[in-house]
There are 2 protein chains.
Amino acid sequence: MLMGELSRRSGVPVATIKFYLREGLLPPGTPTAATRASYGEDHLRRLRLIRALLEVGEVSVATIRTILAVVDDRSVGVHQMLGAVQYALGPRLTPPTDGDPHWEAAGREADDLISDMGWIVAPEAPARTLLTATLAALRRTGSAPSGAGLHAYAEALSRLAASEVASLEPAGSPESPAARIALTESAVVGMVLHERVIIALRRLAQEDASARRYG
Amino acid sequence: MLMGELSRRSGVPVATIKFYLREGLLPPGTPTAATRASYGEDHLRRLRLIRALLEVGEVSVATIRTILAVVDDRSVGVHQMLGAVQYALGPRLTPPTDGDPHWEAAGREADDLISDMGWIVAPEAPARTLLTATLAALRRTGSAPSGAGLHAYAEALSRLAASEVASLEPAGSPESPAARIALTESAVVGMVLHERVIIALRRLAQEDASARRYG
DNA sequence: ACTATTAGATAGCAGTACTCTCTAATGGAT
DNA sequence: ATCCATTAGAGAGTACTGCTATCTAATAGT
């Protein structure tokens with residue numbers, strides 16, 4: 001497949017594909033002449049993955065590059081891959097250096113919740129920082145949620161996450177390297193886009209609840 | 001309170017506060033002289049709200065301006081406010097003009113889910129578009145979730161949303177205009193930041209589930 | 001009187017995701 | 001054989017975002 005066909009089939013402009021090649025998001029095609037290279041179905045698949053992460057997942061180009069490097073690294077297993085993706089996605093928030101009481105209280109609340117749930121998570125997990133930062137911001141604005149509400153969220157998400165992780169490796173270990181990559185790409189896009197699905201469903205449910213109560 | 005004190009108490013640089021004033025995110029202080037204005041606690045509260053939405057909620061300045069305009073509009077009720085905020089947050093995705101089969105299948109799936117759940121949502125609700133776009137992207141990348149999984153998500157979020165909406169108006173209607181604004185700000189920050197809480201909890205639960213299964 | 005601070009305005013800056021332009025080489029059509 | 005479209009590869013340019021810096025004139029506190 002030539003650049004033009006890749007562009008046509010993916011809906012991505014040629015100049016943009018070239019940009020992704022320069023940025024290392026897309027591996028180069030196999031050159032057939034000085035001014036010609038051939039691209040395969042895997043390029044098309046990768047391109048769709050990039051666009052999904054960018055347009056729907058709102059993931060930055062730099063983060064996508066990091067994620068794809070993990071996807072292409074055959075030495076990492078499913079668990080490490082999930083962790084690496086979470087680390088790449090994780091908030092680039094800087095915790096306050098001084099002793100911010102809101103931050104510290106939020107950190108304690110997050111730690112308590114995690115241990116109450118019996119969750120096994122790394123101390124430096126970015127999601128932990130994200131939770132702390134969000135709880136701290138809620139405290140700062142005087143809108144801290146109740147502990148009971150947090151637990152309800154956690155219980156619900158615990159069940160959803162368990163079933164999703166269980167479906168990650170449907171048929172044993174991957175057969176070929178290409179199949180492994182396709183499977184890993186699918187897991188990544190699932191991780192990122194399911195978050196969007198959850199947000200969309202939550203907003204829809206909220207609109208419904210609000211309509212019933214006030215509408 | 002003078003600009004300097006507002007800056008010190010909020011942790012936001014003076015130049016940035018001036019920028020928010022210019023952008024209309026922060027109402028001007030009451031001028032006391034040609035080069036002096038006085039700011040109150042409401043400015044401090046609003047500034048914290050802006051920072052929470054920006055830094056944790058990842059909401060753009062333009063969107064925050066739109067949201068704050070709704071918050072300050074005393075003529076809108078809770079339900080309309082929620083709708084307006086969702087509309088402002090909503091994806092700025094453009095649905096494909098041509099008949100994209102993935103998009104259309106995703107749209108049908110979203111509509112089916114909404115009617116299965118018995119949800120009352122506007123046909124043009126941005127969350128509906130977000131759901132459609134995300135399902136379409138999942139289809140394009142060959143990672144479409146199962147209908148059963150979607151229903152499980154929807155059920156869980158339906159319960160969470162109902163309890164959150166129920167807690168929006170804790171003690172009847174607001175007393176003073178200032179109290180109404182404070183309550184509305186709290187509702188907005190809750191809407192936006194609780195989404196982050198959910199994402200953080202999901203990632204934590206996923207890490208735990210993955211650790212138990214593969215770690 | 002002097003220094004620090006402020007309002008208000010304008011300009012600049014760093015990062016992001018492209019988009020455009022150019023050159024030289026090549027492929028297919030006529 | 002010769003044209004025209006297409007391509008690789010490289011570099012510069014663009015539009016937008018969220019600040020940040022600089023300047024002027026006015027004022028407050030010491």
Is there a donor-acceptor contact under 3.5 Å linking the side chains of A:Y20 and A:R51?
->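 Their side chains do contain a donor-acceptor pair, which is all the 3.5 Å distance test asks for.
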A:T63-A:T66 side chain donor-acceptor pair, cut-off 3.5 Å = no
How many Å lie between [atom1] on [X] and [atom2] on [N], as a whole number?
X: A:E5; N: D:dT7; atom1: CD; atom2: P; result: 10 Å
X: A:K18; N: D:dA10; atom1: NZ; atom2: C1'; result: 9 Å
X: B:I17; N: D:dG18; atom1: CD1; atom2: P; result: 17 Å
X: A:L6; N: D:dT7; atom1: CG; atom2: P; result: 10 Å
X: B:E23; N: D:dC16; atom1: CD; atom2: P; result: 14 Å
X: A:M1; N: D:dA8; atom1: CE; atom2: P; result: 12 Å

Could you check whether B:R8 gets within reach of a base, just the sugar-phosphate, or nothing at all, counting any heavy atom under 4.0 Å?
-> nothing
Can you measure from CG (A:L82) to CZ (B:R203) and round to the nearest 0.5 angstrom?
->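 If we round to the nearest 0.5 Å, A:L82:CG and B:R203:CZ are 11.5 Å apart.
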Euclidean distance, A:L157 CG relative to B:Q206 CD, rounded to 0.5 Å = 10.0 Å
Which angle, rounded to 10°, do you find between the first-five-pair axis and the last-five-pair axis of the helix from C:dA1-D:dT30 to C:dT30-D:dA1?
-> 10°
Please list residues of residues 37-47 of chain A whose heavy atoms come under 4.0 Å from any atom in DNA chain D, ordered by number; otherwise none.
->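 A:A37, A:Y39, in order of number.
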Worked verdict on A:R180 versus A:E185 for salt bridge (charged side-chain N to carboxylate O under 4.0 Å, His left out) | CA-CA 9 Å; A:R180 191 200 69 88; A:E185 286 182 350; over 6 Å; no
Check whether any side-chain nitrogen or oxygen of B:Y20 sits under 4.0 Å from OP1 or OP2 of D:dC19, and answer yes or no.
-> yes
Candidate pair B:R46 and B:D72, rule salt bridge (charged side-chain N to carboxylate O under 4.0 Å, His left out), full reasoning = CA-CA 11 Å; B:R46 171 75 38 122; B:D72 289 334; 2.9 Å; yes
Using side chain to side chain donor-acceptor pair (under 3.5 Å) as the criterion, list what pairs up with B:E5, not counting sequence neighbours.
->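 With sequence neighbours excluded, B:E5 shows a side chain to side chain donor-acceptor pair (under 3.5 Å) to no residue whatsoever.
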Side chain to side chain contact (heavy atoms under 4.5 Å, CB included) between B:E164 and A:Y153: does it pass, once the steps are laid out?
-> CA-CA 11 Å; B:E164 187 175 348; A:Y153 279 3; 3.0 Å; yes
Do any N or O atoms from the side chain of A:R65 and from the backbone of A:G24 form a donor-acceptor pair under 3.5 angstrom?
->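 Side chain of A:R65 to backbone of A:G24, a donor-acceptor pair under 3.5 Å: no, none is there.
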Where along residues 28-36 of chain A does a heavy atom fall under 4.0 Å from DNA chain C?
-> A:A33, A:A34, A:T35, A:R36
Give, ordered by number, those residues of residues 52-66 of chain A having at least one heavy-atom distance below 4.0 Å to an atom of DNA chain C; if nothing qualifies, reply none.
->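 When residues 52-66 of chain A is checked for heavy atoms under 4.0 Å from DNA chain C, the hits, listed by number, are A:L54, A:S60, A:V61.
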Nucleotides bounding contact with chain A, strand DNA chain C, heavy-atom threshold 4.0 Å =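 With heavy atoms of chain A under 4.0 Å away, the range is C:dA17 to C:dG27.
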Flag yes if more than 12 heavy atoms outside A:Y87 fall under 6.0 Å of its OH atom; otherwise flag no.
-> no
For B:V14 and B:R22, take the nucleotide of DNA chain C holding the closest heavy atom to each; which residue's nucleotide lies nearer the 5' end?
->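 Checking each residue's closest nucleotide, the 5'-ward one belongs to B:V14.
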